[in-house]
Amino acid sequence: MTAAQAIALCDALQPNDYAEAIKLSWLTTLEASLYQEIIAWHADAPARPAACAPDTVLQAGEPYSSLYADYLAAMMHMQDGEYERYTNAMLRYNSAYCAFAGYYNRTHAPAKARNVHY
């Protein structure tokens, strides 16, 4: 899924007036978080992703890509002060995030252990 596809899905599910640039900045934050918290800890980790552009291929593929639309919806609801809707969107996001993290950790070898010196 590309960033443009994630934004289009979110817009179809949650019509809104937020600019694409704002949604791309939210996706950039999410991609950095996914990389830092999950992907970077594995031996085959790709380079850290740059800022999202509309044609950027996002890291969490199917069937986990729903996390992007849920995250964007949550950010919009938070900005609008719709906290019940924010909570519901974050619950869906967290479910997809945990499923993606579990899948990625099961299917990618961990990075080589680092020695800790005191």
Side-chain angles (χ1 to χ4, degrees):
M1 172 178 276
T2 65
Q5 290 171 324
I7 291 171
L9 176 60
C10 177
D11 290 346
L13 297 173
Q14 302 285 330
N16 63 85
D17 294 327
Y18 286 94
E20 182 181 82
I22 292 171
K23 295 173 195 164
L24 286 171
S25 72
W26 288 334
L27 287 175
T28 297
T29 300
L30 176 54
E31 285 289 277
S33 176
L34 289 174
Y35 183 83
Q36 186 69 29
E37 295 172 7
I38 301 169
I39 297 169
W41 297 95
H42 297 277
D44 59 349
R48 184 182 176 103
C52 285
D55 61 345
T56 301
V57 176
L58 302 173
Q59 297 174 100
E62 294 296 333
Y64 311 104
S65 61
S66 66
L67 67 88
Y68 295 108
D70 291 333
Y71 183 80
L72 290 173
M75 295 300 100
M76 291 186 296
H77 296 321
M78 182 179 67
Q79 294 300 316
D80 293 341
E82 298 174 343
Y83 298 114
E84 285 185 31
R85 295 180 80 187
Y86 165 78
T87 300
N88 289 336
M90 284 306 290
L91 287 170
R92 291 190 311 271
Y93 161 76
N94 282 328
S95 177
Y97 175 92
C98 289
F100 171 70
Y103 164 77
Y104 200 90
N105 288 330
R106 284 189 308 273
T107 59
H108 293 78
K112 184 177 177 182
R114 297 181 183 122
N115 293 333
V116 177
H117 300 284
Y118 295 98

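Values in this document were obtained by computation on a predicted structure and should not be read as measured data.
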Donor-acceptor contact present, side-chain Gln5 to main-chain Thr2, <3.5 Å: yes

Measuring from Ile22:CD1 to Leu27:CG, what's the distance to the nearest 0.5 Å? 12.5 Å

Would you please name every residue forming a side-chain hydrogen bond (donor to acceptor under 3.5 Å, both in side chains) with Gln79, sequence neighbours left out? none

Check against side-chain contact (heavy atoms from CB on, under 4.5 Å), Leu30 and Leu58: CA-CA 10 Å; Leu30 176 54; Leu58 302 173; over 6 Å; no

Please tabulate, for the side chains in residues 44-56, all donor-acceptor contacts under 3.5 angstrom to protein atoms that are two or more places apart in sequence or on a different chain.
{"from": "Arg48", "atom 1": "NH1", "to": "Gln36", "atom 2": "OE1", "distance (Å)": "3.2"}
{"from": "Thr56", "atom 1": "OG1", "to": "Ala53", "atom 2": "N", "distance (Å)": "2.8"}
{"from": "Thr56", "atom 1": "OG1", "to": "Ala53", "atom 2": "O", "distance (Å)": "3.1"}

Give the cluster check for Leu13 versus Met75: same hydrophobic cluster or not, with ILVMFWY residues linked at side-chain heavy-atom distances below 4.5 Å. yes

Checking Ser33 side chain against Thr29 main chain: does a donor-acceptor pair fall under 3.5 Å? no

Taking Leu91 as the starting point, is it possible to reach Tyr86 by hopping between hydrophobic residues whose side chains are less than 4.5 Å apart? no

Residue list, salt bridge (charged side-chain N to carboxylate O under 4.0 Å, His left out) with Arg85, at least two apart or on another chain: Glu82

For Tyr93, what residues pass the ring pair (Phe, Tyr, Trp, His ring centres under 6.0 Å) criterion, not counting sequence neighbours? Tyr71, Tyr97

How long is the span from the CG atom in Leu34 to the CD atom in Glu37, to the nearest 0.5 Å? 7.5 Å

Given Asn105 and His42, is the side chain to side chain donor-acceptor pair (under 3.5 Å) satisfied, shown in steps? CA-CA 8 Å; Asn105 288 330; His42 297 277; 2.7 Å; yes

Side-chain donor-acceptor contact under 3.5 Å, Ser65 with Glu62: yes

How about Met90 and Met78: do any of their side-chain heavy atoms sit closer than 4.5 Å? no

Looking just at side-chain N and O atoms, do Asp80 and Tyr18 make a donor-acceptor pair shorter than 3.5 Å? yes

For Glu20, what residues pass the salt bridge (charged side-chain N to carboxylate O under 4.0 Å, His left out) criterion, not counting sequence neighbours? none

Side-chain contact, heavy-atom cut-off 4.5 Å: Met76 with Trp26? yes

Heavy-atom closest contact (Phe100 atom, Tyr64 atom, distance): N-CD2, 3.6 Å

Measuring from Asn16:CG to Cys10:SG, what's the distance to the nearest 0.5 Å? 6.0 Å

Shortest non-hydrogen separation from Tyr68 to Gln59 and the atoms involved: OH-N, 3.2 Å

Does Tyr35 have any ring pair (Phe, Tyr, Trp, His ring centres under 6.0 Å) partners at least two apart in sequence or in another chain, and if so, which? none

Counting C-beta onward and ignoring hydrogens, is there a side-chain heavy-atom pair between Leu9 and Met1 closer than 4.5 Å? yes

